Amino acid sequence: MAEAKWYVVHTYSGYENKVKANIEKTIENNKNLAELILEVRVPLEEVVEIKNGAKKVVQRKMFPGYVLLNMVMNDDTWYVVRNTRGVTGFVGPGSKPVPLTEAEMKPLGIKSGDSVSIDFVEGDSVSVVAGVWKDTIGIVQKLDHGKQAATINVELFGRETPVEISFAELRKL
């Protein structure tokens, strides 16, 4: 199978989150695409705004009108993405999408090829060692190697609640 690379899709301005949701819904409905389109991302940055004399940290889109996709490019994935409502096309000459280079991905905080080795599988008990859920124990429900994250069930207000946590923040019990 071909290697997944990062591509940039141009969208109507203001439709970035809608395009992301539409592509994710298409992936959810077509399980074959889940192995080909690994991640859809709208890059955000935190900016300090001053309104009425008060400082406020807000998240703003780094590239309005663009969505990033980590995917294996083939005729099917090209067709699905290109025909998603709100997408005007891939970034590249003509109709040929050009993947991002390592240098272009670095400022976006995207690492390529860096896979974290983990010693737990679905069904294992894990402990959270960092972040908001530190010292919480949960059971791994799903592993997402593309996002380098696991979905674990934790007890919250007496109920089992699924939470997505980075591999780096988990340790096997």
Side-chain angles (χ1 to χ4, degrees), residues 1-9 11 16-47 57-63 66-74 76-78 80-81 84 87 99-173:
M1 186 161 95
E3 184 184 346
K5 296 184 177 171
W6 285 92
Y7 294 90
V8 181
V9 176
T11 67
E16 301 88 351
N17 293 330
K18 190 83 168 154
V19 165
K20 179 181 191 273
N22 286 342
I23 292 172
E24 287 174 345
K25 189 163 186 78
T26 303
I27 293 167
E28 194 177 301
N29 293 336
N30 185 345
K31 295 299 179 194
N32 299 336
L33 287 175
E35 297 169 4
L36 299 173
I37 302 175
L38 305 176
E39 188 176 351
V40 185
R41 205 185 267 193
V42 178
L44 300 172
E45 62 183 344
E46 288 190 352
V47 180
V57 178
V58 295
Q59 287 196 325
R60 190 168 52 192
K61 293 177 182 111
M62 289 173 79
F63 309 108
Y66 294 94
V67 173
L68 301 176
L69 288 150
N70 187 13
M71 61 188 258
V72 175
M73 182 60 70
N74 63 28
D76 294 335
T77 56
W78 181 90
V80 166
V81 173
T84 299
V87 171
L100 291 173
T101 64
E102 291 284 329
E104 292 169 328
M105 292 183 333
K106 198 170 187 171
L108 303 176
I110 300 171
K111 295 178 180 77
S112 71
D114 291 350
S115 61
V116 177
S117 65
I118 53 173
D119 61 348
F120 49 85
V121 294
E122 290 180 14
D124 282 353
S125 291
V126 292
S127 173
V128 183
V129 296
V132 177
W133 295 95
K134 185 176 181 179
D135 299 328
T136 304
I137 294 173
I139 297 169
V140 178
Q141 299 301 311
K142 187 173 106 179
L143 298 173
D144 188 336
H145 292 280
K147 290 183 181 177
Q148 301 282 306
T151 301
I152 65 169
N153 272 357
V154 297
E155 192 169 314
L156 183 66
F157 303 121
R159 287 194 172 145
E160 289 282 309
T161 306
V163 178
E164 189 173 82
I165 301 192
S166 165
F167 287 162
E169 296 178 2
L170 297 173
R171 295 287 174 269
K172 183 177 179 180
L173 289 177

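Everything quoted here is computed from the prediction, not taken from an experiment.
Distance check: Met62 CE to Leu68 CG gives 9.0 Å after rounding to the nearest 0.5 Å. Here the CD-CD1 distance, from Glu169 to Ile152, works out to 9.5 Å after rounding to the nearest 0.5 Å. Atom CE of Met71 sits about 9.0 Å away from atom CG of Leu33, to the nearest 0.5 Å. To the nearest 0.5 Å, the span separating CG on Asn17 from CG on Asn22 amounts to 11.0 Å. Atoms OH and CE, from Tyr7 and Met73 in turn, are 4.5 Å apart once rounded to the nearest 0.5 Å. Between atom CG of residue Leu69 and atom CG of residue Leu100 there is a gap of 10.0 Å, rounded to the nearest 0.5 Å.
By the 4.5 Å heavy-atom criterion applied to side chains, Pro99 and Trp6 are not counted as neighbours.
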Report task. Walk me through it: do Val163 and Thr151 pass the test side chain to side chain contact (heavy atoms under 4.5 Å, CB included)? Result -> CA-CA 5 Å; Val163 178; Thr151 301; over 6 Å; no

Walk me through whether Asp135 and Val128 qualify under side chain to side chain contact (heavy atoms under 4.5 Å, CB included). CA-CA 5 Å; Asp135 299 328; Val128 183; over 6 Å; no

When you look at Phe120 and Arg171, which way does the side chain to side chain contact (heavy atoms under 4.5 Å, CB included) test go after all the steps?
CA-CA 8 Å; Phe120 49 85; Arg171 295 287 174 269; over 6 Å; no

Verdict with reasoning, Val8 to Val67, per side chain to side chain contact (heavy atoms under 4.5 Å, CB included): CA-CA 6 Å; Val8 181; Val67 173; over 6 Å; no

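At a cut-off of 3.5 Å, with distance as the only test, a side-chain donor of Thr77 or Asn74 sits close to an acceptor on the other residue.
Between Lys142 and Glu122 there is no salt bridge, since none of the side-chain N atoms of the basic residue sits less than 4.0 Å from a carboxylate O of the acidic one. Classification of Glu16 and Lys20 as a salt-bridged pair fails, no side-chain N sitting under 4.0 Å from a carboxylate O. Taking the charged nitrogens against the carboxylate oxygens, Asp119 and Lys172 have no contact shorter than 4.0 Å, which rules out a salt bridge.
A side-chain contact (heavy atoms from CB on, under 4.5 Å) with Pro162 holds for exactly one of Leu156, Val154, Asn153; it is Asn153. Looking at Leu170, Ile139, Leu173 one by one, the single match for side-chain contact (heavy atoms from CB on, under 4.5 Å) with Val126 turns out to be Leu170.
Checked by atom type and distance alone, the side chain of Asn30 never pairs as donor or acceptor with a backbone atom of Ile27 at under 3.5 Å. With hydrogens and angles disregarded, no donor-acceptor distance shorter than 3.5 Å links the side chain of Ser166 to the backbone of Ala149. A donor-acceptor pair is defined here as one N or O able to donate and one able to accept, closer than 3.5 Å; such a pair exists between the side chain of Thr101 and the backbone of Glu104.
Under a cut-off of 6.0 angstrom, the local environment of NZ in Lys61 is crowded, with over 12 non-hydrogen atoms contributed by other residues, nucleotides or ligands.
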